[in-house]
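Positions are given from 1 along the sequence. Just so you know, ligand 1 is whichever comes first in the structure, and atom 1 is the first atom listed for that ligand.
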Amino acid sequence: MTETDPAPTRPIWLADDKKRVQIIDQRMLPHNLVIVDLTTVDQVIEAIGEMMVRGAPLIGVTGAFGVFIAVQNALESGDFEAQVRKECLRIKEARPTAVNLAWGVDRVCAAVFSKSNPGDCLAAALAEASAIAEEEVDNCRRIGEHGVSLIEAIRREKGGKTVNVLTHCNAGWLACVEHGTATAPIYKAFEKGIDIHVWVDETRPLNQGARLTAWELGQRGVAHTVITDNAGGHLMQHGMVDIVIVGTDRSTYTGDVANKIGTYLKALAARDNNIPFYVALPSSTFDWEMTDGLAQIPIEERNPDEVRCVEGLCPDGRVEKVRIVPEKSRAANYAFDVTPARLVTGFITERGVCGANRDQVLALFPEKR
Ligand code: MRU
């Protein structure tokens, strides 16, 4: 990036040469805006695995563009189809929890092999990956339109006073392509002039609320306050939260929700305090096979060093990582948890708001019956 380049408004895009895929390296935010080129499948896998890109919809879009890269690099190979299929499998294994990854890869892979000539395969890969990105933008826009009605209802009940939303982790445009999922209704409400304030957490293990959601909201001018992960219950007990809206990495169509570790505790506190707990997601984040999220959704366990260490800005402007636990202590790093359907007030999808249960989800998506 040079000083004259405009700040990107998406976390992923195709470079001007129509070959390289470019991403924001989200590990560097909010202190540095670093753009990275992806030209090989290994780089795509590293970008997903190391969380340069993250968030279920974005992981799906990155996987989709990963197939485009795999096709480009296999054009000269002796066994084009076997090579591309092998690379698709490798991309799908980059991270386990977000269901969008396999969905995006499989969709582009199917488009590729609907053609017989490798040149057509490349065009098909690019067209399908781009279509997925644009569909996710549109889905998130619609999530905002449906979700804002929940915020408007609260504002009416409160006689126009500030609506306080709590969100966990980052389910903003950085996690998607534009708008975000959990943030889409928040941005829509802000655009409509509603007085809104957001409590922002996930302050461990990766500080994605503190680093990413706070950065996004700050860029748009949305009022927000960063809190520790443990503060949510206290705020709810004292009437300081009107609604919780979170994203999800995989939700069963029966209503169970996998999201960033700590989401379950927010849902429990919300239930104890009669606060609505909504989950915003595009249909690409539904798992249409699984019926028991707790038993079936794979929960990623990441490098314990993410728990043992924290990273931050030093007074001299350097970003440094420091260890905060005793050298010999073990650490465990579960990245997600599952909130059972009974604690979820509803889903906010691109087709509307519904209860977190099989009947209401399938009523919105009858083609999945
Ligand atoms: O580990 P991540 O950053 O890929 O997971 C993202 C989340 O868990 C977010 O909470 C988000 O809500 C889901 S993606 C919109």
Side-chain angles (χ1 to χ4, degrees), residues 10-12 23-27 29 45 47-63 94-104 136-137 139-140 143-144 147 165-187 198 200-216 229 232 244-251 257-267 277-287 293 297-303 306-307 333-339 344 347-350:
R10 290 185 173 191
I12 191 167
I23 56 166
I24 297 178
D25 183 348
Q26 299 190 24
R27 298 170 307 174
L29 290 173
I45 291 168
I48 296 172
E50 296 299 318
M51 295 177 65
M52 297 181 203
V53 288
R54 29 67 50 197
L58 178 58
I59 290 173
V61 171
T62 308
R95 282 188 81 191
T97 303
V99 71
N100 303 57
L101 179 55
W103 171 85
E136 291 298 51
V137 171
N139 287 337
C140 288
I143 286 170
V165 182
L166 187 147
T167 191
H168 184 66
C169 193
N170 175 263
W173 64 264
L174 287 167
C176 305
V177 180
E178 289 185 16
H179 310 290
T181 54
T183 55
I186 294 170
Y187 287 137
V198 186
V200 175
D201 64 27
E202 208 278 83
T203 41
R204 289 314 312 280
L206 284 174
N207 289 310
Q208 286 173 297
R211 293 189 303 109
L212 305 177
T213 305
W215 181 76
E216 271 196 31
D229 286 336
V244 180
I245 309 179
V246 297
T248 169
D249 301 83
R250 183 188 302 232
S251 286
V257 171
N259 192 44
K260 183 58 53 178
I261 193 81
T263 302
Y264 170 52
L265 294 177
K266 299 291 175 300
F277 181 94
Y278 280 93
V279 177
L281 75 168
S283 49
S284 54
T285 306
F286 276 116
D287 189 310
I297 296 178
I299 299 296
E300 179 179 11
E301 288 180 51
R302 295 187 58 80
N303 188 334
E306 291 176 355
V307 174
N333 190 9
Y334 298 96
F336 302 97
D337 59 25
V338 173
T339 299
V344 179
F347 285 135
I348 310 170
T349 78
E350 70 266 26

Do the side chains of K266 and D201 get close enough for a salt bridge, i.e. N-O under 4.0 angstrom? yes

Taking only heavy atoms of [X], which atoms of ligand 1 are found under 4.0 Å from at least one of them?
{"X": "Q208", "result": "3 (O)"}
{"X": "R95", "result": "1 (O), 2 (P), 4 (O)"}
{"X": "C169", "result": "7 (C), 9 (C), 10 (O)"}
{"X": "P57", "result": "14 (S), 15 (C)"}
{"X": "G247", "result": "12 (O)"}
{"X": "A171", "result": "11 (C), 12 (O), 15 (C)"}
{"X": "M51", "result": "1 (O), 2 (P), 3 (O)"}
{"X": "F336", "result": "1 (O), 5 (O), 8 (O)"}

Would you call [X] a ligand 1 contact, heavy-atom distance under 4.0 Å?
{"X": "E202", "value": "no"}
{"X": "E300", "value": "no"}
{"X": "A335", "value": "no"}

For [X] versus [Y], what's the shortest heavy-atom pair and its separation?
{"X": "A56", "Y": "N100", "value": "O-CB, 3.1 Å"}
{"X": "V257", "Y": "G247", "value": "CG1-O, 4.5 Å"}
{"X": "A280", "Y": "I143", "value": "CB-CG2, 3.9 Å"}
{"X": "D229", "Y": "E202", "value": "OD1-N, 2.6 Å"}

Run the side chain to side chain contact (heavy atoms under 4.5 Å, CB included) test against A182 and tell me which residues pass, sequence neighbours left out.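 Only T167, A171, I245 meet the side chain to side chain contact (heavy atoms under 4.5 Å, CB included) criterion with A182.
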
Please report the interatomic distance [atom1]([X]) to [atom2]([Y]), rounded to the nearest 0.5 Å.
{"X": "W173", "Y": "Y187", "atom1": "CH2", "atom2": "OH", "result": "8.0 Å"}
{"X": "T97", "Y": "D287", "atom1": "OG1", "atom2": "CG", "result": "11.5 Å"}
{"X": "E136", "Y": "T181", "atom1": "CD", "atom2": "OG1", "result": "10.0 Å"}
{"X": "F277", "Y": "T339", "atom1": "CZ", "atom2": "OG1", "result": "4.5 Å"}

Does ligand 1 have a heavy atom under 4.0 Å from the side chain of N170, from its backbone, from both, or from neither? backbone

Within reach of ligand 1, part of T248 (heavy-atom separation under 4.0 Å):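 The backbone, only.
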
In terms of residue, atom name and distance, what is the protein heavy atom nearest to [atom]?
{"atom": "atom 1 (O) of ligand 1", "answer": "K260 NZ, 2.6 Å"}
{"atom": "atom 14 (S) of ligand 1", "answer": "A56 N, 3.1 Å"}
{"atom": "atom 12 (O) of ligand 1", "answer": "N259 OD1, 3.0 Å"}
{"atom": "atom 7 (C) of ligand 1", "answer": "D249 OD1, 3.3 Å"}

Based purely on interatomic distance, does G55 place a nitrogen or oxygen under 3.5 Å from a nitrogen or oxygen of ligand 1? yes

Backbone or side-chain N or O of T181 under 3.5 Å from ligand 1 N or O: no

Are side-chain heavy atoms of I261 and R204 found at a separation under 4.5 Å? no

Distance-only criterion, 3.5 Å: show the donor-acceptor pairs between side-chain atoms of residues 206-215 and protein atoms not counting sequence neighbours.
{"from": "Q208", "atom 1": "OE1", "to": "K260", "atom 2": "NZ", "distance (Å)": "3.3"}
{"from": "R211", "atom 1": "NE", "to": "L206", "atom 2": "O", "distance (Å)": "3.1"}
{"from": "R211", "atom 1": "NH1", "to": "Q26", "atom 2": "O", "distance (Å)": "3.0"}
{"from": "R211", "atom 1": "NH1", "to": "L29", "atom 2": "O", "distance (Å)": "2.7"}
{"from": "T213", "atom 1": "OG1", "to": "C169", "atom 2": "O", "distance (Å)": "2.7"}
{"from": "T213", "atom 1": "OG1", "to": "N170", "atom 2": "ND2", "distance (Å)": "3.1"}

